[in-house]
Trainee: 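To start, I am sharing the structure in question, which I have written as C-alpha cells.
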Amino acid sequence: MNSTPDLITPQKSTSSNSNIEVDSNNSKVLNDPAGMEKNGSDDYEQVTELVNPNNGKGAYVTVSICCVMVAFGGFVFGWDTGTISGFVAQTDFLRRFGQKHHNGTPYLSKVRMGLIVSIFNIGCAIGGIVLARLGDTHGRKMGLIIVVCIYIVGIIIQIASVKAWYQYFIGRIISGLGVGGIAVLSPMLISEVAPKEMRGTLVSCYQLMITLGIFLGYCTNYGTKNYSNSVQWRVPLGLCFAWALFMIGGMTFVPESPRYLVEAGKIDEARASLSKVNKTPGDHPFIQQELELIEASVEEARAAGSASWGELFTGKPAMLQRTMLGIMIQSLQQLTGDNYFFYYGTTVFTAVGMQDSFETSIVFGIVNLASTCCSLYTVDKFGRRNCLLWGAVGMVCCYVVYASVGVTRLWPNGEGNGSSKGAGNCMICFACFYIFCFATTWAPIAYVVISETFPLRVKSKAMSVATAANWLWGFLIGFFTPFITGAINFYYGYVFMGCMVFAYFYVFFFVPETKGLTLEEVNDMYSEGVVPWKSASWVPPSRRGADYNIDELAHDDTPIYKRMFGRK
C-alpha cells in the first residue's frame, strides 16, 4: 500500500462528543473550527487521527504475552538479588569462600561480603553501556539473545567455583555484563513494541518479573538451607540455566521492534511486526499511518547523521535535560534504599531478633510481588509524576518510623543484650509498608520513564548511561552497607529518608508527565519547552484546537509554594 486513502467519507456516525465524528474506517475527525488547522487561507483543514480498529477484549493479548516474554529478563536479575542475600548466610558458602575466626568458625569479612554481593552491579554497569550497542547493530531480539548467552557463561564460572572466592567473584562480574545488557534492551524493546495506551503497564512488567525472581529466589534459599553441602547454593545457581534458556526460547515468538526494522530498511518486516502487535491486517490504514510516523521519525534522525555520545548532552531538543533526568531517576531509584533490604534482608531480620530470617525474607518477597502487581494498574491510571511523588512521600514516612524505632527502642538494654520483640515487629511492619510504596511507584516507573524519554537515534546510548548510574549506586550501596550498618546501625535509614525528600522536589520540578503519549509526541513536548508541573495538560499538535495556547504551558510566574501545593 503506497499511501493512505481519503478517510473522510460521507459514512459517519456522531460520537458522544459533538465535536468529534467517527467515520467508517475508525478515524477520529474534528468537525468544528476549534479543532481544525488553517490551510493557509480562511478555510480549515480537517485533522484526522486514526485509532486501532481492533479494540475488543482480546485486542492486546498477543502484544501483552510478547512483552511479558521480553520482560522475563527482569526475572533473571531478580533471581540473583533474591539468592545472593541467602548465599552470604549459608554454612557451605561461608566454609568455601569465607575466612575463619580464631575458634575455626567461618565468616565473610565486610570487604569480601561487600565485593561478592555488589561487584555484580559493576558488571551490569559495564554491560549496559557496552552491550546495549548490540540492539542497534543486531536488533533488539538478537541483542537480548547474545547478552543472555554471556550471562550463562558467568553462571558456569560461579557453579564451577570450589574454594577460590575470586573465581566466584569473576563469575559474578561476567553474569553482571549479561544482566546489564538485558536491563537496557528489555525495556527498550517493550517500549517500542507496546501500544501507547499500555506502554507504562507493559514496561512495568519488567519490574514485576524482577520481584517474582526475588520472591522465588528467597523460596529456593529457604528450601536448600537445611542441606550441609554445596546444594545450598549450587542448585539455585543451576536453575539460572532454565531461566536463561526459557528466555532465549521465548524470543523466537516476539516481534522485532518496528522502529529498528525501519531504521534497518526492512519496511515489509516492520509492517508485519506492527500487524502482529495490533492484530490488524498489514494493509489497513491504521498500520500504514503508524508505519509512516515511524519512517518520518527515522528519516529525521538519519538526516542529522550518526549520533555521538556527546549528543546526549548537546543534542536537541533538551537532550542535556533528558539525559540528566534519566541518570537522576535511575540513581534515586537505588537511593530509595531498596537493595539495603533485598541484598541484606536476612542480615537485617536477624539483627531485629527474628528466629528464622529466611522465613521473614519470604514474607518480604510476597509483599514485594503483590505490590508490584498493583503497579501495573497505577502506572497508567495515575501517571508517572503522581506515582513518583506519592511514592517518595510514603517512603519518607516509613523510614522515619523504621529508623527511629531501630535507634531508640530495638535494644532497650544496649546492643548485644537482647532486642525488643515489639520494636522488631514494628520495624518489620514498616519495612513491608516501605516495600509497598517502593514496588508500586519507583521500582517500575524508573524503567518506564527512561524507556519513553529519549528519541530513537540516541535511545540505546541514553538508556545505557542511565541504567549504568543505577548499577553504580547499587554497587556503592551493596559494598558499603556492611561498613555503614556496622558503624551507625539503623541511623542508616535517615540517609535514605533524606534522599527521598530530595527525590520529591526533583520529580516535581524536572520530570514531565508522559502518560498516553507516543514516543514521537514525547519528543514534541520537549521541543516546545513545557514546564514539568504543567505537562499533564499538554496536548500533542495533532489533537489541538485553534484556541490552544502552548505559551501557557511553557511559562509559570506563580510562586514556588503555589506551584507545589496549589490546586491543579
Trainee: Return the CG to CG distance between Asn221 and Leu216, rounded to the nearest 0.5 Å.
Mentor: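 If we round to the nearest 0.5 Å, Asn221:CG and Leu216:CG are 11.5 Å apart.
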Trainee: Taking all non-hydrogen atoms of both residues, which atom of Tyr402 and which atom of Met427 are closest, and how far apart?
Mentor: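 Taking Tyr402 first and Met427 second, the nearest heavy atoms are CD1-O, 3.5 Å.
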Trainee: Under a 3.5 Å distance rule, please check whether Arg384 uses its side chain to pair with a backbone N or O of Val448 as donor and acceptor.
Mentor: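 Side chain of Arg384 to backbone of Val448: no pair is present.
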Trainee: Do the rings of Trp471 and Phe120 sit parallel, tilted or perpendicular, given the 30° and 60° boundaries?
Mentor: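 Because their plane-to-plane angle is over 60°, the rings of Trp471 and Phe120 count as perpendicular.
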Trainee: Would the distance check show the side chain of Gln330 and the main-chain N or O of Ala446 forming a donor-acceptor pair, the cut-off being under 3.5 Å?
Mentor: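 Judged by distance alone, yes, a pair lies under 3.5 Å.
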Trainee: Can a salt bridge be assigned to the pair Lys461 and Glu311 using a cut-off of 4.0 Å between side-chain N and carboxylate O?
Mentor: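 Glu311 and Lys461: not salt-bridged.
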Trainee: Between Thr453 and Arg322, is there a donor-acceptor pair closer than 3.5 Å when you use the side chain of the first and the backbone of the second?
Mentor: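 The answer is no, because no donor-acceptor pair under 3.5 Å joins these two groups.
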Trainee: Less than 6.0 angstrom separating the ring centers of Phe215 and Tyr218, yes or no?
Mentor: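 Aromatic pair excluded; centres sit 6.0 Å or further apart.
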Trainee: Tell me whether Glu256 contacts the main-chain N or O of Arg140 through its side chain, where contact means a donor paired with an acceptor under 3.5 Å.
Mentor: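 Pair found, side chain donor or acceptor close to backbone of Arg140.
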Trainee: Does Phe496 have its ring centroid less than 6.0 Å away from the ring centroid of Tyr492?
Mentor: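 So the answer is yes for these two rings.
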Trainee: Pairs in or reaching into residues 439-451: which pass side-chain hydrogen bond (donor to acceptor under 3.5 Å, both in side chains), with residues at least two apart or in two chains?
Mentor: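 Counting only pairs at least two positions apart or across chains, no side-chain hydrogen bond (donor to acceptor under 3.5 Å, both in side chains) contact touches residues 439-451.
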Trainee: Let me confirm one number: the CG-CD1 distance from Leu185 to Ile190, rounded to the nearest 0.5 Å.
Mentor: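 It is 11.0 Å, given to the nearest 0.5 Å.
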Trainee: Would you give the length of the straight line joining atom CG of Leu261 to atom OG of Ser273, rounded to the nearest 0.5 angstrom?
Mentor: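 The distance works out to 6.0 Å.
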Trainee: Any donor-acceptor pair under 3.5 Å linking the side-chain atoms of Thr211 with those of Asn368?
Mentor: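 Per modelled atom types, Asn368 and Thr211 side chains form no pair under 3.5 Å.
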Trainee: Quick one: does Tyr399's side chain have a donor or acceptor within less than 3.5 Å of a partner on Thr336's backbone?
Mentor: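 The answer is yes, because a donor-acceptor pair under 3.5 Å joins these two groups.
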Trainee: Do Glu528 and Trp538 meet the criterion of a side-chain donor-acceptor pair at a distance under 3.5 Å?
Mentor: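 Yes, Trp538 and Glu528 have a side-chain donor paired with an acceptor closer than 3.5 Å.
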Trainee: Would you find a donor on one side and an acceptor on the other, under 3.5 Å apart, between the side chain of Thr467 and the backbone of Asn470?
Mentor: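 A pair under 3.5 Å: no.
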Trainee: Is the side chain of Ser175 donor-acceptor paired with the backbone N or O of Tyr151 at a distance under 3.5 Å, no angle test?
Mentor: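 No; zero donor-acceptor contacts below 3.5 Å.
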Trainee: Using only heavy-atom distances, determine whether the side chains of Thr201 and Tyr377 contain a donor-acceptor pair under 3.5 Å.
Mentor: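 No donor-acceptor contact under 3.5 Å links the two side chains.
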Trainee: Between Ser375 and Thr378, is there a donor-acceptor pair closer than 3.5 Å when you use the side chain of the first and the backbone of the second?
Mentor: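 No, the answer is negative, given that no donor and acceptor are paired below the 3.5 Å cut-off.
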Trainee: Do any N or O atoms from the side chain of Glu513 and from the backbone of Arg385 form a donor-acceptor pair under 3.5 angstrom?
Mentor: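 Such a contact is found between Glu513 side chain and Arg385 backbone.
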Trainee: So does Asp80 pair up with Arg172, basic N to acidic O under 4.0 Å?
Mentor: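 Salt bridge present between Asp80 and Arg172.
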Trainee: Applying the salt bridge (charged side-chain N to carboxylate O under 4.0 Å, His left out) criterion to Arg259, which one of Glu290, Glu520, Glu295 satisfies it?
Mentor: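 It is Glu520; the other options fail the test.
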Trainee: Would you call Glu452 and Lys515 a salt bridge, using N to O less than 4.0 angstrom?
Mentor: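 Here Glu452 does not pair with Lys515 in a salt bridge, since their nearest N and O are not under 4.0 Å apart.
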Trainee: Any idea how Tyr494 and Tyr491 line up, ring-wise: parallel (<30°), tilted (30 to 60°), or perpendicular (>60°)?
Mentor: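 It falls in the tilted class, 30° to 60°.
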Trainee: Does any N or O in the side chain of Ser460 come within less than 3.5 Å of the main-chain N or O of Arg133, such that one atom is a donor and the other an acceptor?
Mentor: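 Not at all, since once roles are kept as given, no pair shorter than 3.5 Å links the two residues.
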Trainee: Does CH2 in Trp473 sit with more than 12 non-hydrogen atoms of other residues, nucleotides or ligands closer than 6.0 Å?
Mentor: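 At most 12 heavy atoms, drawn from other residues, nucleotides or ligands, come within 6.0 Å of this atom.
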Trainee: Under 6.0 Å between ring centres: does that hold for Phe483 and Phe479?
Mentor: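 Distance test on ring centres: under 6.0 Å, yes.
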Trainee: Please report whether the ring centroid of Phe436 lies less than 6.0 Å from that of Phe433.
Mentor: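 Phe433 vs Phe436: aromatic centres not under 6.0 Å.
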